[in-house]
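The structure's right below; bear with me while I get my questions together.
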Protein chains: 2
Amino acid sequence: MPRWEHGSEERLKQAAMDLFSEQGFEDTSVVQIAERSGVTTRTFFRYFSDKREVLFADSDTLRSELVRAVAEAPDVVDPLQVVVGVLSTFDWEGRGRDIQRRRYAVIAANPELMERELIKNARMADEFAEALRARGVDARLARLAARVGREIFLLAYEEWLVGGSADLAVIAKDMTALLWSMQSPETTTPPSR
Amino acid sequence: MPRWEHGSEERLKQAAMDLFSEQGFEDTSVVQIAERSGVTTRTFFRYFSDKREVLFADSDTLRSELVRAVAEAPDVVDPLQVVVGVLSTFDWEGRGRDIQRRRYAVIAANPELMERELIKNARMADEFAEALRARGVDARLARLAARVGREIFLLAYEEWLVGGSADLAVIAKDMTALLWSMQSPETTTPPSR
DNA sequence: GTCTATAGTCCGATAGAC
DNA sequence: GTCTATCGGACTATAGAC
């Protein structure tokens, strides 16, 4: 382990976040990020597959954590509830709301970064669906629950981010109730349990 | 406006689709596409902001068409129904299922193209939500209906694409019913009408 | 760690349509 | 003449190859 190079990844992530915040994503080059971190661009691309990925490195480990939570849910009789529950009861507060607000602001300000955010979310939903299916949920139902649950959570998360001190789980529950309030009589089918 | 070789844009789109299909997106360069179309790369970038966009040029006009349909819906008392209805009753058959299948195969085979597809869908949902809001729907409800409606449609669309001769509107209705079947008793709120 | 291909931008020039 | 579409080439940065 080369001790003098230790921490490169963290320094790169920090430098990228700072530079993107200060001068925007487009106007920041990988060379700049590398220079500020005391490494070469080659080192940057050793850690991150592309320039955008430096902002999403953590999201991969986070995703597997969340997928595991779905896979280990006590029961899956209500798959939508499982998805929304796992996502909204995760300890987002513990990761710092300000940091997440800042990160989201950078991402929202740049379409290329938003594209990456969206595909990460899509992959997470796909893995949620697969985890539910592995637990015996019908494939079609699993996909639907994963996708709709993700949307409910994302809307709740956005409100939580910009909002004051509201609890994310509460917002998510509220959002779910709002969805059910849209059920029109003519398209109603009797609950299956 | 029209000139001798005014079909440049169409030729570029066709050449790109063919080449991406034959040898993959990554292994096709803009130079190749331009050469096959008898123009230079400069001309390619005059029509398309980047290499991916050549596959999505039509989707922009399509989006505004669909957004207009939402804005002009007879009524918006059931916003989810409006979104799913507008999307699923559009004449997708008329655009050729084979062409759409081929296009989707190319997109699904490449993450970069999927990223673009996702952000286009996200923008469409945003505009749907705004159109609903303009019609008097509560902002929160409008966003929720737009996003959930989009997911219901996309799942139905994917089934329609791979499937035989099933009607898209029917699949979408079925998918909506499946969503309502997930409503759990404890989170139920009384229907508002 | 160096070298190179490709994406994408910029400026200026050209030529047909009107 | 203007307007619009095309072309030429030089240029930077990303990203991958060697």
Checklist line | Distance-only donor-acceptor check, side chains A:Y157 and A:Q100, under 3.5 Å | finding: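 Yes.
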Check: How does each nucleotide of nucleotides 13-18 of chain D score, in 5' to 3' order, for protein heavy atoms under 4.0 Å: base (B), sugar-phosphate only (S), or none (-)?
Finding: -SBSB-
Check: Among all residues two or more places apart in sequence or in another chain, which pass the salt bridge (Lys or Arg N to Asp or Glu O under 4.0 Å) test with A:E35?
Finding: none
Checklist line | Those residues that, when tested against A:R133, pass salt bridge (Lys or Arg N to Asp or Glu O under 4.0 Å) (two or more places apart) | finding: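 Salt bridge (Lys or Arg N to Asp or Glu O under 4.0 Å) list for A:R133, sorted by chain: A:E130.
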Notebook entry, point to check: Can you tell me if the side-chain N/O atoms of B:T43 get under 4.0 Å from OP1 or OP2 in D:dC7?
Noted result: yes
Check: Can you list the residues that meet the salt bridge (Lys or Arg N to Asp or Glu O under 4.0 Å) rule with B:D167, with sequence neighbours excluded?
Finding: none
Margin query: I need the CD-P distance between B:E35 and D:dG8, as an integer number of Å.
Written below: 12 Å
Checklist line | Non-neighbouring partners of B:R143 that pass side chain to side chain donor-acceptor pair (under 3.5 Å), sequence neighbours left out | finding: none
Item checked: Sequence-distant partners of B:R135, salt bridge (Lys or Arg N to Asp or Glu O under 4.0 Å), two or more places apart ->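 Checked B:R135 against salt bridge (Lys or Arg N to Asp or Glu O under 4.0 Å); zero matches.
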Checklist line | Set of residues satisfying side chain to side chain donor-acceptor pair (under 3.5 Å) with respect to B:E112, sequence neighbours excluded | finding: none
Margin query: If you compare every side-chain N and O of B:Y47 against the phosphate oxygens of D:dT6 (OP1, OP2), does one of them come in below 4.0 Å?
Written below: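 Answer yes for this pair, as a side-chain N or O of B:Y47 is under 4.0 Å from OP1 or OP2.
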Margin query: If the condition is side chain to side chain donor-acceptor pair (under 3.5 Å), which residues does A:R116 pass it with, not counting sequence neighbours?
Written below: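 A:D50, A:E53, B:E115.
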Check: What is the distance, rounded to the nearest whole Å, between atom CZ of B:F48 and atom P of C:dT9?
Finding: 14 Å
Check: Which angle, rounded to 10°, do you find between the first-five-pair axis and the last-five-pair axis of the helix from C:dG1-D:dC18 to C:dG16-D:dC3?
Finding: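 The angle, to the nearest 10 degrees, is 20°.
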Check: Can you tell me how far P of C:dT9 sits from CG of A:D27, to the nearest Å?
Finding: 13 Å
Check: Between atom CG in B:N110 and atom P in C:dA7, what is the gap in whole Å?
Finding: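 Atom-to-atom, B:N110 to C:dA7, this comes out as 13 Å.
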